[in-house]
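Just so you know, residue 1 is the first one in the sequence shown, and it goes up from there.
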Amino acid sequence: MESIITQLTRQETWEAFIAYRLMKGRFNWHEFDEADAFVEREEFLPLATKLANGEGLGIPTKKIINKMGTGKKRVVYSFAPDEMMMLKLIAFLLYKYDDQFAPNCYAFRRGLKAHDAVHTINKAIQGQKMWCYKLDIHDYFNSIDINILLPMLANLLADDPPLYRFFESFLTDRHIISDGNVIDENHGVMAGTPTAPFLADVFLKDVDFHFHNKSVIYARYSDDIIMFAPDHDTLENYKNEMAHFLEQHHLVVNPDKEKIYSPDEAYEFLGFKCRGHEIDISEATKKKMKGKISRQARSLLRWSHKNHIEPEKAMKVMISYFNRKFYDSDDPETLTWSRWFFPVINQCDGLKEIDHYLQQSLRYLSTGKHNKSNYKTRYDQLKALGYRSLVNEFFKYKSATLQ
């Protein structure tokens, strides 16, 4: 069987890859033309040949970025653009191993989405009084112990030794660039790199299968895990089993995102709040988005005052920003709100709350205060500036899907 590493040198492999990405909406036409020219001119060949000859990639750069909707930071890594494209192709070809993962693992699975996890869980617990345990693994990708991962990876990739050797070199090279300097550090599977989700699935593969084989209602999406039990004692047993697994894997639970829900509570998972048949956006999601809106409003107000910008222009800038975040994106890899939430939720209370908060923040830009005078800026004025209500867009989406 031909190694994935060897396939990287073949033009037909790249053609299939860019065609798939175009079909899935991962390219706009300009990006597709650039990628098509890249393949047509075989610009991938020098790097692909190096990898086929057993050489590795360059040194990754470490970046610290803001987490969306929060004031928190996260560490990500990136390689040179041609190397990142090569890793995207490898990630694309790694889907051949998809059948090696448990059905309750939803991250980096072809044909499965986070939405499927929510729907599957809701269907499984309907009509039952179930206790729920939700947890999040702290800095999961970057804290994966490579010494534990490599034997798992060697077993999974036993049919492709060159691919395993590539990953062994890729993961054990501890050199990274930070603030322009080459340093030595533990970096796990390097969050932000295209192959990190696959490697993260490999690392907890045995944990997923453990709960699947016990017929536990369980789902994992990357570092987010949720499980259910018919009573509190059983749930505590599951929780202890999970703690044991995580300790063996040298992983740590994020205490701020660990919670037990009683049967009478709505549970939250992947940004959704679920109670019976009702699915809305979660309290945590609303809090994060309100934080993002508040920070943007304060920043734009300072900018407008400093540069003597008319309030209407500042409002228009903010509306344009959130329209892109909610409905569109310059980055085809980014999941906007509409792509993530609209296909799943069937309640709009959370959307109404965000709408109201954004409208109030836009009016704040016109006065610099939060008071009744803000209502001099009418809703039709906001619409004239381009404002689009989440609730209205949600009902448009639902109407379109029913046709």
Side-chain angles (χ1 to χ4, degrees), residues 60 62 64-65 67 70 72-77 91 94 97 100-109 114 117 121 132-157 167-168 170-174 176 184-214 216-229 235-261 267-271 284:
K62 177 181 179 179
I64 300 177
I65 63 174
K67 293 184 72 174
T70 74
K72 298 179 181 178
K73 308 289 185 181
R74 62 187 291 253
V75 174
V76 298
Y77 298 83
L94 284 169
Y97 296 102
Q100 298 299 305
F101 298 108
N104 53 17
C105 170
Y106 290 86
F108 192 67
R109 303 294 303 279
I121 288 170
C132 171
Y133 173 51
K134 178 188 171 297
L135 67 146
D136 174 277
I137 301 171
H138 175 68
D139 194 23
Y140 177 43
F141 286 16
N142 298 333
S143 61
I144 287 176
D145 190 321
I146 301 305
N147 294 322
I148 298 175
L149 172 63
L150 285 177
M152 300 176 182
L153 201 57
N155 182 60
L156 183 68
L157 304 181
F167 274 120
E168 183 180 36
F170 175 72
L171 294 169
T172 56
D173 187 343
R174 292 164 47 95
I176 62 107
D184 179 289
E185 73 166 18
N186 291 323
H187 52 54
V189 298
M190 292 177 282
T193 58
T195 54
F198 170 81
L199 296 169
D201 276 355
V202 173
F203 196 61
L204 288 180
K205 177 171 169 281
D206 293 343
V207 180
D208 298 336
F209 270 113
H210 170 79
F211 289 102
H212 172 70
N213 293 336
K214 291 184 68 170
V216 176
I217 300 174
Y218 165 109
R220 181 174 68 83
Y221 188 90
S222 189
D223 56 352
D224 287 308
I225 300 173
I226 195 166
M227 61 184 72
F228 295 80
L235 190 72
E236 281 293 327
N237 289 337
Y238 294 162
K239 181 182 176 183
N240 291 336
E241 289 175 20
M242 177 59 70
H244 176 69
F245 275 118
L246 296 183
E247 183 180 5
Q248 286 184 320
H249 287 71
H250 301 167
L251 297 172
V252 178
V253 172
N254 182 345
D256 295 332
K257 295 184 178 180
E258 183 182 29
K259 183 173 175 61
I260 288 180
Y261 297 93
Y267 71 86
E268 298 192 357
F269 187 53
L270 302 178

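Under the side chain to side chain donor-acceptor pair (under 3.5 Å) criterion, Asn155 pairs with no residue, sequence neighbours left out. Residues passing the side-chain contact (heavy atoms from CB on, under 4.5 Å) test with Ala200 are Tyr140, Phe141, Ile144, sequence neighbours excluded. Under the side-chain contact (heavy atoms from CB on, under 4.5 Å) criterion, Pro194 pairs with Met84, Leu87, Lys88, Ala91, sequence neighbours left out. Here His250 pairs with Asp145 under the side chain to side chain donor-acceptor pair (under 3.5 Å) rule; sequence neighbours left out. Remark: Glu185 pairs with Lys62, Tyr77, Ile176, Ile183, His187 by the side-chain contact (heavy atoms from CB on, under 4.5 Å) rule, at least two apart or across chains. Not counting sequence neighbours, the partners of Phe228 by the ring pair (Phe, Tyr, Trp, His ring centres under 6.0 Å) test are Tyr267. Applying the ring pair (Phe, Tyr, Trp, His ring centres under 6.0 Å) criterion to His210, with sequence neighbours excluded, gives Phe245. Residues that satisfy the side chain to side chain donor-acceptor pair (under 3.5 Å) test with Asp173, not counting sequence neighbours, are His175. Under the side-chain contact (heavy atoms from CB on, under 4.5 Å) criterion, Ala284 pairs with Glu268, Ser282, sequence neighbours left out. With sequence neighbours left out, the side chain to side chain donor-acceptor pair (under 3.5 Å) criterion links Asp208 to Tyr218, Arg220. Not a single ring pair (Phe, Tyr, Trp, His ring centres under 6.0 Å) links Tyr106 to another residue, sequence neighbours left out.
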**Asked** Please walk me through it: do Asp223 and Asn254 pass side-chain contact (heavy atoms from CB on, under 4.5 Å)?
**Response** CA-CA 10 Å; Asp223 56 352; Asn254 182 345; over 6 Å; no
**Request:** Go through the steps for Phe170 and Thr195 under the test side-chain contact (heavy atoms from CB on, under 4.5 Å), then give the verdict.
**Result:** CA-CA 11 Å; Phe170 175 72; Thr195 54; 3.8 Å; yes
**Prompt:** For Glu168 and Leu153, what are the C-alpha separation, side-chain angles and deciding distance, and is it a side-chain contact (heavy atoms from CB on, under 4.5 Å)?
**Reply:** CA-CA 9 Å; Glu168 183 180 36; Leu153 201 57; over 6 Å; no
**Request:** Please lay out, stage by stage, how Val207 and Leu246 fare under the test side-chain contact (heavy atoms from CB on, under 4.5 Å).
**Result:** CA-CA 9 Å; Val207 180; Leu246 296 183; 5.8 Å; no
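Going from atom CG of Asp136 over to atom CD of Glu258 covers 10.0 Å, rounded to the nearest 0.5 Å. Between the CG atom of Leu204 and the CE atom of Met152 there is a distance of 7.5 Å, given to the nearest 0.5 Å. Going from atom CG of Asp224 over to atom CG of Leu270 covers 5.5 Å, rounded to the nearest 0.5 Å. One finds the CD1 atom of Ile137 at 12.0 Å from the NZ atom of Lys257 (value rounded to the nearest 0.5 Å). Taking CG from Asp201 and CG from Leu94, the interatomic distance works out to 11.0 Å, rounded to the nearest 0.5 Å. Once rounded to the nearest 0.5 Å, the distance linking CD1 of Ile226 with SG of Cys132 reads 3.5 Å.
Annotation: salt bridge (Lys or Arg N to Asp or Glu O under 4.0 Å) contacts involving residues 237-254, sequence neighbours excluded, comprise Lys214-Glu241.
What you find for Arg174 and Asp184 is that their closest heavy atoms are NH2-OD1, 2.6 Å. Minimum heavy-atom separation, Met242 to Met227: CE-CE, 3.6 Å. Nearest approach of Tyr133 to Ile260, heavy atoms of both residues: CD1-CG1, 3.9 Å. Here the closest heavy-atom approach between residue Ala117 and residue Ala219 is recorded as CB-CB, 4.2 Å. Between Ser143 and Leu251, the shortest heavy-atom contact is OG-CD2, 3.8 Å. The heavy-atom pair separating Leu156 from Tyr97 by the smallest distance is O-CE2, 3.6 Å.
In this structure, the side chain of Asn142 engages the main chain of Val75 through a donor-acceptor pair within 3.5 Å.
Within a 6.0 Å sphere centred on NE2 of His138, other residues, nucleotides and ligands contribute 12 heavy atoms or fewer.
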